Structures are given as C-alpha cells and as structure tokens.
Amino acid sequence: MNKEIQGRLGLLREAMKKEGIDFYMIPTSDFHNSEYVDDYFKAREYFSGFTGSNGTLAVGQDMAGLWTDGRYFIQAAQELEGTGIELFRMQEEGVPEIPDFLYEKMEEGQILGFDGRTVSCKEGRRLEKKLTEGKGIKINYGADLAAETWKGRPGLPCHKITVLPEEISGESAAEKLDKVRRKIKEAGAEYLLLSKLDDLMWLLNIRGNDVECNPVALSYGFLTQKEVYFFIQEPEVTEEFTQYAKENHIIVKDYNGIMDFLRGYDYKGKVMLDESNSNYALFKTVIGQTEYVPGDNPTELLKAIKNKTELAKIKEVYRKDSAALIKFIYWLKKNIGKMEITEISAAEYLNHLRQDVEGFLDLSFPTISAYKDSAAMMHYEATENNYKTLAPEGMLLVDSGGQYMGGTTDVTRTIVLGGIDEEVKMHFTLVAAGMLQLTDAKFLYGCTGRNLDILARQPLWSHGIDYKCGTGHGIGYMLNVHEGPQNIRWRFTSAMKEAVIEPGMVISNEPGVYKEGSHGIRTENILVAQNAEKNGDGQFMEFDTLTFVPIDKEAINTAYLQPADLERLNRYHAQVYEKTQEYLTDEEREWLKEATAPIEG
C-alpha cells in the first residue's frame with residue numbers, strides 16, 4: 001500500500017468536496033501544452049506517483065484512474081502499485097477514452113473540474129461536447145486544486161532570455177512576422193493568439209530556459225498587423241531584449257496578465273487560434289470577447305521547414321554529435337567487465353562527451369540508458385534508487401541528444417555488451433532493416449508519414465512483430481526535440497495531425513522491438529527530406545541522413561537480411577566512417593574502421 005499517494009489523494013478529494021467537484025482531471029501539461037514540464041506543473045505525478053511524460057489522472061470520491069500510452073504500460077503498472085489508482089492502457093481493445101469513461105461514471109448535473117490552463121482547447125471542447133451537451137454535466141475549468149493541496153509546490157521557472165543572431169537563425173524576426181501576418185489575413189483573421197512556446201521562440205528569434213532540455217521561455221504572444229504583444233515574466237527580460245523589442249515593435253507585458261489583456265482588448269476583427277496548441281481557459285476567454293478563426297498556428301509549418309542556414313548548421317552539428325556517441329560506444333565496449341559501469345554512470349559519461357562538443361548548450365532530453373529488460377520500457381529512467389549494473393552480457397539501449405548552437409540532436413543505439421540469443425539477434429536485425437529501408441525511401445510529393453510508416457515496420461510485421469508507438473517525429477532547430485506537424489506513423493487518432501512531408505523537414509526514423517521482461521531494441525537515425533527528380537509523374541522526394549553512428553554488427557544475423565538490406569547497411573557504414581573519422585582519436589578511428597567494415601552475405 002502506498003500511503004503517501006493515498007494521503008495526497010485524500011487531501012485532493014477533500015478539496016473537491018469543498019468546491020462541489022465530483023470528478024477532477026489532471027493532465028500532464030503546463031499552460032502551453034509543452035511535452036516536458038517544469039516541477040511546478042507536475043501535479044499529475046505528485047498525486048499519482050507515475051513519473052512518465054504522458055498521462056492523465058481522473059479522480060472521483062470512490063475511484064481514481066490513470067490513462068497513458070503504450071510507451072509506459074510497464075512503468076505505470078509498477079509505479080501505480082499500492083496507490084489504488086487503476087491503469088487504463090490507451091488504445092488497447094476495450095479501454096474507454098476519458099470522455100467516454102466520465103460520461104458513464106458521472107450523473108446529470110454533476111461537476112467535472114480541472115485547471116483550464118493545463119487542458120488543450122481541443123480536449124476541453126471534446127469534454128464539453130460529450131459531457132455538457134450530451135449529459136448536462138457542468139465543467140469548472142478554473143479549479144487549480146493543486147494550489148491548495150500540494151504542500152511545498154515549487155515556484156514557476158524563471159530564467160533570462162537570449163536573442164539569436166541572424167547568422168544562426170538564417171532569417172530575421174521581421175521577415176518571419178511578415179510571413180505569419182499574411183497567413184493570418186489569408187485565414188480571415190486580424191490577430192493571432194500564440195501560446196505554443198517553441199513557435200514563439202522561433203518567430204521572435206529568441207531562446208529561454210524555462211522547460212527542461214527545451215530552450216524556451218514561459219510566454220504568450222498576441223499578434224496584430226503592426227505589433228506583437230509579448231507576455232513574459234519581468235525578470236526574464238534583458239537589456240538586450242528590451243532594445244530588440246523596440247526595433248521589432250514588440251510590446252512587453254506581464255506573463256500573468258494575459259487573461260486580463262484578452263478580456264480588455266478592443267478587437268477590430270477575428271482572432272486566429274490553434275485549438276490543439278492553445279489551452280481551454282484562453283479559448284473560453286477569447287470567445288467571450290470576440291469571434292475566432294480555428295486553424296493551425298502558421299508558425300508551426302514555417303518553423304518545421306528549415307532554411308538553408310539552419311540545414312547547413314544542423315548537418316555540421318550532427319556529425320560532431322555522432323562522433324560523441326561513437327566515442328561513447330568505443331569506451332563502453334573497451335571497458336565493460338573491466339570496471340563498474342551502471343546505467344547511470346554510462347549516461348553520465350555520454351553526457352560529458354557531449355559537453356565537450358563545440359557549441360554544446362544542454363541535453364535535448366534526459367539521456368535514456370536502459371540495460372537488458374529495462375529497455376523494454378520505451379522511456380525508462382534509471383534513478384539512484386533503481387538502476388542496473390552493466391555486465392559483459394546482453395545489450396544496453398541508449399537514447400540521447402543535445403542542444404547546440406546550431407541544432408538539436410536525437411539518436412538511439414542498442415549496443416551489444418556480451419552474449420545475446422538468436423531471438424534478440426533476429427529482432428535487432430529486423431529493426432535495422434526497417435530503419436534503413438525507410439531511409440532509402442523515394443516517394444511522390446504529397447505523401448505523409450502514414451504513407452511511409454510501412455517501410456520501417458514491414459520487416460517486423462512479416463514476422464508478426466510490432467511496436468506500440470509511431471516511427472518518427474519532427475525535430476526542432478535549437479528547440480524542442482519533438483516537433484510537428486510532421487510525423488511518421490500508421491495509426492492516427494482524432495487529435496493527431498497528418499502533414500505532408502516537405503523539403504527541409506527534419507524527422508526521426510526509429511523502429512524498435514520491446515519484449516517485457518526480456519529486452520528492448522531501438523535504432524534511431526535522423527533524416528531530412530529533400531527534393532529528388534521531377535518528371536511527368538510528379539515531384540519525387542527522398543531523405544538525406546544526418547546521423548552517422550554504427551549499427552552494432554555483433555547483433556546482425558544476415559539470414560534475416562535481403563541483399564538490398566545488406567547493401568544499405570554496408571553503404572551506411574561507409575558513410576559513418578567518412579563523416580566522423582576526423583573527430584576521433586587514432587584508437588577510436590581504428591575501432592570504427594572495424595565496426596563499419598562491410599559484412600559479407
């Protein structure tokens with residue numbers, strides 16, 4: 001029995017009674033729907049004990065449930081044990097979605113509460129339609145019950161912002177604002193309300209440090225046809241930015257004043273608002289004052305298509321970052337069994353190698369270092385109280401990346417430390433074949449990730465194997481390691497966006513196999529889409545590879561490779577050596593030469 005979590009839930013239920021709330025919902029989000037959230041916003045973790053990066057807690061007086069996706073099924077089951085919280089495995093057969101669950105559990109006239117700043121507009125409206133219109137259930141979206149029940153809650157993060165020089169951004173804020181304003185007009189609106197942090201940072205050519213591993217600042221933006229009202233915590237503003245703001249017609253306002261501003265503004269037209277990337281409280285405030293135009297933030301697609309300056313710097317950064325991981329793999333294989341290495345110390349060693357790379361700013365996400373069966377949990381995190389010591393057997397999965405002046409990186413390799421069985425080799429080989437098959441894709445412009453996903457899964461599907469997540473996600477430029485709208489996946493829910501793959505989009509390619517209690521395998525490269533030939537059949541597209549790290553040949557069984565697969569592997573390994581050898585020592589270079597030597601069929 002987990003008395004600590006049960007005690008916290010007890011205090012929450014008392015607060016619910018006081019406010020007349022029958023069910024209370026706590027998502028995993030800050031006020032901006034960021035993927036990674038600061039400790040201040042980790043209310044769901046505080047009240048449930050589940051530490052994964054995605055999940056929603058729903059609490060009634062007699063029950064509590066937590067919904068999470070396939071990446072966290074194993075982890076959530078372990079962390080919820082003894083809390084009295086039921087685990088709902090999302091997208092599994094027979095598992096209701098939260099609105100459907102609440103519809104069945106709640107009675108007409110009852111009240112659902114949540115902090116509307118932490119619930120997306122889209123999700124809030126879905127709940128509204130299902131519960132209010134469908135059953136007469138009321139919604140209290142102004143209820144931040146954590147404020148009164150979370151003892152010792154941390155304060156809001158607050159750090160100085162910096163301005164990017166144009167030689168790094170490749171385009172001025174004025175040029176970006178002109179493009180965005182044209183899109184606003186085309187949509188039939190006069191204004192744009194922006195609350196997605198990486199979109200705002202990209203648009204204004206600034207960076208912050210308020211979200212772990214993401215160089216963003218807590219802020220809101222309200223664009224008119226002449227000005228930008230920028231809402232940020234006052235201590236974050238520097239003298240440099242104050243001058244920059246004057247030059248770019250940016251009017252600085254207090255971060256906590258956004259709702260009052262929206263209620264008091266003299267509107268002369270409609271407000272464009274992205275329902276997926278604005279919170280429910282903002283949406284309700286806007287529609288209480290004026291009309292709105294729904295649509296994707298125009299900044300999202302513009303940001304996803306990297307310009308020439310960004311692409312040139314990204315390619316340089318990825319070569320250096322790849323070399324850091326090569327150094328790590330060499331060190332690990334050389335020292336395994338000769339010194340004590342744990343999941344934690346291995347991650348720390350790799351982190352230090354990255355810190356030595358020119359232009360390093362931060363990690364792009366906390367390094368995942370998962371040994372043997374720990375790797376079956378897709379987003380496993382070793383802690384001081386829960387970690388494994390490595391031995392010369394099995395495999396270590398390492399998923400890591402860095403933030404650099406000139407790019408954001410993400411790469412996963414599964415590394416052989418000693419003996420592995422034939423089933424593991426089969427899984428590893430099929431994953432490698434799928435990753436390389438997608439890398440070599442040629443496709444017509446207009447395709448989305450739904451069209452391409454089968455290329456990565458086909459080798460696994462042919463053996464009746466699958467993985468419970470998408471294959472690829474977009475990656476930012478000195479911004480979030482997960483970026484939209486582009487992605488590669490075969491299954492879409494109503495809340496997911498499906499975007500055409502455009503030239504200049506950077507996207508991950510990361511198939512895997514995850515066997516609970518046994519092993520986990522993921523091989524991830526990063527690709528950039530580019531034009532291929534154009535003819536009477538249309539504009540063809542292809543991918544260029546950014547990541548150059550060897551795929552462990554000790555786990556390859558050529559019996560599971562077609563001749564084309566083997567050619568791709570050998571061709572890729574030749575590129576790995578060519579692109580990274582200049583950054584290595586003589587010993588590391590000799591090891592890499594062997595690690596990338598061609599395999600005979």
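Computed from a predicted model, the values in this text were never measured in an experiment.
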Notebook entry, point to check: What class does the angle between the rings of Y255 and Y220 fall in, given that below 30° is parallel, 30 to 60° is tilted and above 60° is perpendicular?
Noted result: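 Taking Y220 first and then Y255, their aromatic rings lie parallel (interplane angle under 30°).
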
Say whether [X] and [Y], considering side chains only, have a donor N or O and an acceptor N or O under 3.5 Å apart.
X	Y	result
E4	T83	no
Q233	E236	yes
Y514	R522	yes
Y404	D321	yes
E79	T51	yes

Check: Taking the six-membered ring of Y280 as reference, does the NZ or CZ atom of R117 fall below 6.0 Å from its centre and within a 45° cone about the axis?
Finding: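 Output no; distance or angle outside limits.
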
Check: Who passes ring pair (Phe, Tyr, Trp, His ring centres under 6.0 Å) against F73, sequence neighbours left out?
Finding: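 Ring pair (Phe, Tyr, Trp, His ring centres under 6.0 Å) list for F73, sorted by chain: empty.
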
Checklist line | Partners meeting ring pair (Phe, Tyr, Trp, His ring centres under 6.0 Å) with H473 (sequence neighbours left out) | finding: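 In terms of ring pair (Phe, Tyr, Trp, His ring centres under 6.0 Å), with neighbours along the sequence ignored, H473 is linked to H482.
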
Tell me if the aromatic rings of [X] and [Y] count as close, with their centers under 6.0 Å from one another.
X	Y	value
F31	F41	yes
Y141	F283	no
F101	F88	yes

Surrounding [atom1] of [X] (heavy atoms of other residues, nucleotides or ligands, distance under 6.0 Å), is the total greater than 12?
X	atom1	value
E381	CD	no
K42	NZ	yes
E291	CD	no
K129	NZ	no
K138	NZ	no
K270	NZ	no

What heavy-atom pair brings [X] and [Y] nearest, and what distance separates the two atoms?
X	Y	value
E123	P99	OE2-CG, 4.0 Å
N279	G116	CB-O, 3.5 Å
K226	H249	O-CB, 3.7 Å
S48	I85	CA-CD1, 3.6 Å

Does the [X] side chain pair with the main chain of [Y], one donor and one acceptor, at a distance under 3.5 Å?
X	Y	result
E310	Y477	no
N480	E483	no
N214	Y36	no
N307	S169	yes
R457	P511	no

Notebook entry, point to check: Distance from L66 atom CG to R44 atom CZ, nearest 0.5 Å?
Noted result: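 Here the interatomic distance stands at 6.0 Å.
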
Solution key, residues 183-191 side-chain donor-acceptor pairs under 3.5 Å, sequence neighbours excluded:
from : atom 1 : to   : atom 2 : distance (Å)
K185 : NZ     : E190 : OE1    : 2.9
Y191 : OH     : K268 : N      : 2.8

Charged N-O contact under 4.0 Å between [X] and [Y]:
X	Y	value
D466	K468	no
K176	E171	no
E234	K253	no
D22	R13	no

